[in-house]
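Ligands are counted one by one from 1 in listed order, and the atoms in each one are counted from 1 as well.
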Amino acid sequence: MSETSGKQWAIAIHGGAGSMKRATMDDAGVATHEAALHAALEAGAAVLREGGSAMDAVTASVVALEDDPLFNAGRGAVFTYHGTNELDAAVMDGASRAAGAVAGVTHTRNPVKLARTVMEAGPHVFLAGAGAEEFAREHGVEQVDPDWFATEERWRQLQELKARKLGWFDDGLKYGTVGAVACDAAGHVAAATSTGGLTGKRWNRIGDSPVIGAGTYADDRAGAVSCTGSGEQFMRVGVAHEICARMRLGGESAQGAADAVLAEVGAMRGVGGVIVVTPAGETVFAHTTPGMFRGRADSTGLCEVGIFGE
Ligand code: ASP
């Protein structure tokens, strides 16, 4: 799935890879998710249409997805084994390769905004847990009661996981990590990813999403990548950086690099998906799960969302 031409701007988003199939999702569910994806896509596209930066665009799209309880990020995040919500997020700017990330935050309404504040306020790249939240309060990033994140559906999924004694990476129960990649009119790219991680996770487990180079990466010399899937394998492969490295050093196409790196993840028995944008405004999707919530738009008028495989 690749789309390219001489573009002024382009954006792609994802709302998580998983076991979604046309046969198992009703029309109302499809319509609700498609509307949510369109709204998040438009939040970022509007920024780019008005000449805004790729970083502002990916932040706007991910904030919209975090605030939507349909997706596993911000409000609607999955529950840990102990019934809490622990959120991870990262952003990266392809022009400067500046990056910011947070893990295990429990009170920050929009973890992507906190990741961006970490990037902009410096000097660090990655903050976790209580320290990240102290930093959030010091920098005036909006804090909420942990109840803000909790939804009945995610609670039900945790109880189901416990009742069925499933492992904590179960395709059927994991949905909705979110991400965005964009290219602006100046040819700069940016990436953002945000997640509640895996249902039933324990021991302050952190996945690939906030790990720069694993779930999130941006480099104007190649492109911007945001990932979703089995985080442990995505970290071991360094998926987002590996895709950029293949494009930059090996001259591979975005689609070729994305497919090849997901095959490496598959060889480790990992599954998931990626979205990629290049500085020329090409947008690419790739996933090895049956479905991935996704969408893309650009200055040529392209505007589409999808859920299932082709
Ligand atoms: N990659 C995320 C994690 O491992 C989960 C997901 O994308 O659904 O935390």
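Of the N or O atoms in S230, none lie within a sub-3.5 Å distance of an N or O in ligand 1. Of the polar atoms of D208, at least one N or O is found under 3.5 Å from an N or O of ligand 1, judged by distance alone. The distance criterion of under 3.5 Å between nitrogen or oxygen atoms is met by T228 with respect to ligand 1. Taking any N or O of G207, backbone or side chain, none lies under 3.5 Å from an N or O belonging to ligand 1.
Assignment of G229 to the shell around ligand 1 is supported, since a heavy atom sits closer than 4.0 Å. Ligand 1 has S209 within reach: a non-hydrogen atom of the residue lies less than 4.0 Å from it.
The existence of a salt bridge linking R236 and E232 is excluded, since no basic side-chain nitrogen approaches an acidic carboxylate oxygen closer than 4.0 Å. A salt bridge links D56 with R116; the closest basic N to acidic carboxylate O contact falls under 4.0 Å. The existence of a salt bridge linking E153 and R156 is confirmed by a sub-4.0 Å separation between a basic side-chain nitrogen and an acidic carboxylate oxygen.
Aromatic rings from F293 and H14 are positioned such that their centres are separated by 6.0 Å or more.
Numbered from 1 in the order shown, with element, the atoms of ligand 1 that lie under 4.0 Å from a heavy atom of T177 read 2 (C), 5 (C), 6 (C), 7 (O), 8 (O). Those atoms of ligand 1 with a heavy atom of G197 less than 4.0 angstrom away are 9 (O). Applying the 4.0 Å criterion to heavy atoms of G231 picks out, from ligand 1, the atoms 4 (O).
Residues E66 and S194 have side chains that bring a donor and an acceptor to within less than 3.5 angstrom of each other. For the residue pair Q143 and T108, a side-chain donor N or O sits within less than 3.5 Å of a side-chain acceptor on the partner.
Nearest heavy-atom pair across A40 and S61 is O-OG, 2.7 Å.
Between H14, E232, M235, R205, it is R205 that holds the heavy atom closest to atom 4 (O) of ligand 1.
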